[in-house]
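Each remark here refers to the structure printed beneath this line.
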Amino acid sequence: MSVPKVVLITGAGSGIGEAAAHRLAEAGHRLVLGGRRTDRLAALAQAIEARGGSALPHRLDVTDPASMRSFVAAALDRYGRVDVLVNNAGVMPLSRLDALRTDEWDRMIDVNLRGVLHGIAAVLPVMDAQGAGHVVNIASVSGLRVDPTAAVYSATKHAVRALSEGLRQESRHLRVTVISPGATRSELVDSIGDRATREAVTGLMDIAIPAAAIGEAIHYAIAQPAEVDVNEIVVRPTAQG
């Protein structure tokens, strides 16, 4: 097993974030769990600690830079360092552009892109001072292609991949990993307000992989030796086109 690390996970209350928390706790890492639904975070932390793990739940709004800084400060207060940030929080209210659901566009930009930036801004000074750190950004296969109804969502995920590559190139002591899931069972579908789009995506869930598969990919990237930086992982259902 790799040396236990202090891992911060955004959007830890469900889906990929929750699955990653269980997998990383199993590997012995110490966790700080961020999200809006504090009841879910508390239940998750309790379950992890009941199995002998260590997890601190903390209310987090990734769209608020001050909230993100408080999240990182809580990690430092509890554990004294920050080894890994998993920027997982995201929303996916897909729709055609001509539906003009502009509030949803703004929400995707705020959570999927600005949220990642806020996370990076909060941990960079800490990781620079430590001389080491690892940022894991959860993108999407929508960051590799663009489909109808996904223009804005894809734009945010393309941006996350570009941002991650820029961060990687700017540092020689920071590891940066982009993980791009395909169809994965999570609550993202619930954020789709456009009825026709939601029905189409719900149908895709018949072939979706469990969130645990992405949790395993996160664990793999984190577990590599310090001199090995796994830059990108794409994980999708075998049946997905």
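Sequence positions, counted from 1, serve as the residue numbers for this chain.
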In the structure I gave you, are the side-chain heavy atoms of Val62 and Asp64 within less than 4.5 Å of one another anywhere? no

With a 6.0 Å cut-off (strictly less than), is the heavy-atom count around CD of Gln130, excluding the residue itself, greater than 12? yes

Are Ile109 and Met68 connected, step by step, through hydrophobic side chains (Ile, Leu, Val, Met, Phe, Trp, Tyr) whose heavy atoms are closer than 4.5 Å? no

Between the side chains of Thr63 and His118, is a donor N or O closer than 3.5 angstrom to an acceptor N or O? no

Asn112 side chain vs Thr156 backbone, donor-acceptor pair below 3.5 Å: no

Between NZ on residue Lys5 and CG on residue Leu31, distance to nearest 0.5 Å: 13.0 Å

Show the nearest heavy-atom pair for residues Ala75 and Val32, with the distance to one decimal. CB-CG2, 3.7 Å

Side chain to side chain, Val84 and Val82, heavy atoms closer than 4.5 Å: no

Test Tyr79 against every option in Leu8, Val7, Val6 by the side chain to side chain contact (heavy atoms under 4.5 Å, CB included) rule and name the one that passes. Val6

Is the backbone of Ile207 close enough, under 3.5 Å, to the side chain of Gln240 for a donor and an acceptor to pair up by distance? no

Indicate, with yes or no, if Val230 and Val235 share a hydrophobic cluster defined by side-chain heavy-atom contacts under 4.5 Å among Ile, Leu, Val, Met, Phe, Trp and Tyr. yes

Test item: Arg69 and Pro65 side chains (from C-beta on) under 4.5 Å apart, heavy atoms: yes

So, the side chain of Ser70 versus the backbone of Ala66: is there a donor-acceptor pair under 3.5 Å, distance only? no

Glu232 bridged to Arg161 by N-O distance under 4.0 Å: yes

Any side-chain donor paired with an acceptor under 3.5 Å for His158 and Arg145? no

State the NZ-CE distance between Lys157 and Met92, to the nearest 0.5 angstrom. 10.0 Å

Above 12 or not: heavy atoms from other molecules or residues under 6.0 Å from CZ of Arg195? no

Restricting to non-hydrogen atoms, name the atom on Ala211 and the atom on Thr184 that form the minimum distance, rounded to 0.1 Å. CA-CG2, 3.7 Å

Are any non-hydrogen side-chain atoms of Glu26 and His22 less than 4.5 angstrom apart? no

Value rounded to 0.5 Å, distance of NE2 in His219 from CD in Gln224: 9.0 Å

Only counting residues at least two apart or in another chain, list the ones meeting salt bridge (charged side-chain N to carboxylate O under 4.0 Å, His left out) with Arg101. Glu104

Using a 3.5 Å distance criterion without hydrogens, assess whether the side chain of Arg175 forms a donor-acceptor pair with backbone atoms of Ile222. yes

Is any side-chain heavy atom of Ile179 closer than 4.5 Å to a side-chain heavy atom of Ile218? yes

4.5 Å side-chain heavy-atom contact, Ile214 and Ile209: yes

Establish whether Val146 and Leu163 are linked, either directly or via other cluster members, by ILVMFWY side-chain heavy-atom contacts under 4.5 Å. no

Do Ser67 side-chain atoms and Asp61 backbone N/O form a donor-acceptor pair below 3.5 Å? yes

Do Arg37 and Ser14 meet the criterion of a side-chain donor-acceptor pair at a distance under 3.5 Å? yes

If you measure from OG1 on Thr38 to CG on Leu33, what distance do you get to the nearest 0.5 Å? 12.0 Å

Shortest non-hydrogen contact from Leu44 toward Glu18: CD1-CG, 4.0 Å

Looking at CG of Asp77 and CG of Leu56, how far apart are the two atoms once the value is rounded to the nearest 0.5 Å? 9.5 Å

Is there a side chain to side chain contact (heavy atoms under 4.5 Å, CB included) between Val160 and Ile138? Walk through the geometry before answering. CA-CA 8 Å; Val160 167; Ile138 307 302; over 6 Å; no

Candidate pair Ser164 and Asn137, rule side chain to side chain contact (heavy atoms under 4.5 Å, CB included), full reasoning: CA-CA 7 Å; Ser164 302; Asn137 292 330; 2.8 Å; yes

Could you tell me the separation between the CG atom of Asp229 and the CZ atom of Arg172, rounded to the nearest 0.5 Å? 10.5 Å

Tell me if a side-chain donor or acceptor on Ser180 pairs with a main-chain N or O of Ala139 at a distance below 3.5 Å. no

Could you tell me whether a side-chain N or O of Thr177 sits under 3.5 Å from a main-chain N or O of Asn231, the two making a donor and an acceptor? no

Please check if Leu144 and Leu94 belong to a single hydrophobic cluster, counting links between Ile, Leu, Val, Met, Phe, Trp and Tyr side chain heavy atoms closer than 4.5 Å. no

Which heavy atom of His134 sits nearest to which heavy atom of Val176, and what is that distance? CD2-N, 4.1 Å

Mind jotting down which residue pairs meet the side-chain hydrogen bond (donor to acceptor under 3.5 Å, both in side chains) criterion with at least one end in residues 206-215? Sequence neighbours excluded, please. none

Give every donor-acceptor pair under 3.5 Å between a side-chain atom in residues 119-129 and any protein atom, sequence neighbours left out.
from	atom 1	to	atom 2	distance (Å)
Asp128	OD1	His173	NE2	2.9

In terms of hydrophobic clustering (I, L, V, M, F, W, Y; side-chain heavy atoms under 4.5 Å; direct or indirect links), are Leu174 and Val178 co-clustered? no

On a heavy-atom basis, the closest approach of Gly115 and Asn87 is O-OD1, 4.1 Å

Minimum-distance pair of heavy atoms, taken over all atoms of Thr10 and Phe71: CG2-CE2, 4.1 Å

Is there a side-chain contact between Asp110 and Val91, using heavy atoms and a 4.5 Å cut-off? no

Test His58 against Arg78 for side-chain hydrogen bond (donor to acceptor under 3.5 Å, both in side chains), laying out the working first. CA-CA 11 Å; His58 190 88; Arg78 174 73 171 262; over 6 Å; no

Does any part of the side chain of Pro93, heavy atoms only, come nearer than 4.5 Å to the side chain of Met108, both counted from C-beta? yes

Ser54 and His29: side-chain hydrogen bond (donor to acceptor under 3.5 Å, both in side chains), yes or no, with the steps? CA-CA 8 Å; Ser54 179; His29 299 298; over 6 Å; no

